Amino acid sequence: MKSYEKLLAANKEWAENVVKNDPDFFNRLLNVQTPEFLWIGCSDSRVPPNEITQTHPGEIFIHRNIANMVVHTDLNMLSVLEYAVNVLKVKHVVVCGHYGCGGVKAAMTRHSVGIINKWLRNIKDVYRFHRDEIDTIADEEARTNKLIELNVQEQVMNLAKTSIIQKAWKDRQAPQLHGWVYDLHDGIINPVFEMEAGAHLDPLYEFDNL
Ligand code: CO
């Protein structure tokens with residue numbers, strides 16, 4: 001059996017098992033999805049959102065990209081955010097990074113990786129904002145992990161800078177924003193940053209006419 005055929009066979013087995021355990025499962029999800037969470041995570045194959053949180057289809061709306069970035073010109077991310085916040089009305093938005101993230105590691109080097117340079121430059125900016133704090137750490141891995149945590153924090157703040165989030169905070173006092181970092185060593189998620197609805201950021205980024 002070819003490797004991709006294993007996926008299809010496994011899928012068939014999965015669908016059969018789901019129905020066996022919960023005959024109404026697919027009917028329930030057929031016409032409606034009401035996830036409480038939007039997850040913005042890294043594309044890394046070792047950080048599967050549903051598996052590490054023991055959640056099921058229908059529970060988490062998911063957007064993934066290299067190094068879990070919230071880039072304010074990214075139409076893809078913005079469309080997902082808009083839909084999750086204004087149509088699905090999620091209560092929580094989670095930005096989940098992970099220690100040992102290859103995207104963050106690459107951004108800390110001076111090595112060119114082609115078109116990905118343009119994406120990684122957003123992470124280099126985070127490094128530059130926090131250079132004093134990061135560069136005091138002697139150990140290379142600890143330095144990388146610090147940037148990974150600060151990057152997650154920065155991406156949560158990037159969410160708060162959007163008119164989408166600010167309008168939702170004003171209209172329905174939600175969603176709450178969370179910055180988490182997953183540890184590949186033990187599978188544990190470490191919460192590192194949070195913003196409640198209505199939290200303040202630099203006034204320069206707060207719209208006064210929403
Ligand atoms: Co990663």
Side-chain angles (χ1 to χ4, degrees), residues 38-47 49 52 62-82 84-85 92-166 169 175-185 188-196 199-207:
L38 165 62
W39 177 284
I40 299 174
C42 185
S43 297
D44 193 303
S45 64
R46 298 165 298 176
V47 195
I52 64 175
I62 296 173
H63 178 79
R64 293 170 78 175
N65 61 39
I66 292 175
N68 41 271
M69 301 300 288
V70 176
V71 177
H72 74 108
T73 51
D74 177 1
L75 188 60
N76 185 350
M77 180 280 298
L78 289 171
S79 302
V80 170
L81 182 66
E82 165 86 21
V85 171
H92 302 274
V93 181
V94 174
V95 176
C96 187
H98 63 102
Y99 296 115
C101 183
V104 174
K105 279 185 187 167
M108 294 176 86
T109 74
R110 297 170 61 190
H111 189 70
S112 169
V113 282
I115 197 150
I116 309 171
N117 294 340
K118 296 171 195 346
W119 192 251
L120 299 185
R121 209 166 79 182
N122 298 297
I123 310 173
K124 287 182 187 279
D125 290 342
V126 178
Y127 192 166
R128 184 164 49 84
F129 297 153
H130 300 279
R131 190 187 280 282
D132 292 346
E133 186 179 354
I134 295 166
D135 282 353
T136 55
I137 303 169
D139 180 67
E140 191 185 335
E141 193 183 345
R143 207 161 52 236
T144 306
N145 288 344
K146 176 52 82 176
L147 177 55
I148 284 161
E149 291 175 357
L150 290 168
N151 185 51
V152 160
Q153 176 180 319
E154 203 71 36
Q155 303 321 311
V156 169
M157 292 195 291
N158 283 345
L159 284 172
K161 289 174 191 166
T162 65
S163 56
I164 299 168
I165 290 295
Q166 289 185 27
W169 280 0
Q176 193 176 0
L177 310 181
H178 308 265
W180 295 351
V181 182
Y182 175 78
D183 195 332
L184 294 168
H185 295 96
I188 299 296
I189 294 170
N190 178 26
V192 294
F193 189 65
E194 248 187 32
M195 289 181 91
E196 299 277 353
H200 287 288
L201 50 158
D202 187 320
L204 195 58
Y205 298 99
E206 290 182 341
F207 299 109

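Being a predicted model, the structure only gives us computed values, none of them experimental.
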Could you state the interatomic distance from [atom1] ([X]) to [atom2] ([Y]), rounded to the nearest 0.5 Å?
X	Y	atom1	atom2	answer
H72	I164	NE2	CD1	12.5 Å
M108	I123	CE	CD1	10.5 Å
Q155	M77	CD	CE	9.0 Å
Q153	L177	CD	CG	12.5 Å
H63	L81	NE2	CG	9.5 Å

Which pair of non-hydrogen atoms, one from [X] and one from [Y], has the smallest distance, and what is that distance?
X	Y	result
D44	R64	O-NH2, 2.7 Å
T162	I165	OG1-N, 3.2 Å
W169	A199	CZ3-O, 3.3 Å
P49	W39	CG-NE1, 3.4 Å

Legend entry - Positive for side chain to side chain contact (heavy atoms under 4.5 Å, CB included) with C42, one of N65, I66, N68: N68

Name all residues meeting the side chain to side chain donor-acceptor pair (under 3.5 Å) criterion together with [X]; count only those two or more places apart in sequence or in a different chain, and write none if there are none.
X	value
H92	H178
S112	N117
H111	none

Legend entry - Sequence neighbours excluded - salt bridge (charged side-chain N to carboxylate O under 4.0 Å, His left out) pairs with any residue from residues 109-126: D125-R128

Legend entry - Check: R143 side chain, D135 main-chain N or O, donor-acceptor pair, under 3.5 Å: no

[X] versus [Y]: any side-chain heavy-atom pair under 4.5 Å?
X	Y	value
W119	V113	no
I40	L159	yes
L78	D74	no

Legend entry - Geometric cation-pi criterion R131 and Y127, 6.0 Å radius, 45° cone: yes

Legend entry - Any side-chain donor near an acceptor of the partner, E154 and N151, under 3.5 Å: no

Inset, instruction - Return yes if a side-chain donor-acceptor contact under 3.5 Å exists between E194 and Q176, otherwise no. - result: yes

Inset, instruction - List in chain and number order the residues that pass side-chain contact (heavy atoms from CB on, under 4.5 Å) with E141, two or more places apart in sequence or in another chain; answer none if no residue qualifies. - result: D139, N145, H185

Using residues 95-106 as the side-chain source, report each donor-acceptor pair under 3.5 Å to any protein atom, sequence neighbours left out, with the distance given to one decimal.
from	atom 1	to	atom 2	distance (Å)
Y99	OH	E149	OE2	2.6
Y99	OH	N190	ND2	2.9

Legend entry - Criterion side-chain hydrogen bond (donor to acceptor under 3.5 Å, both in side chains) against E206, the qualifying member of K161, H200, Q166: H200

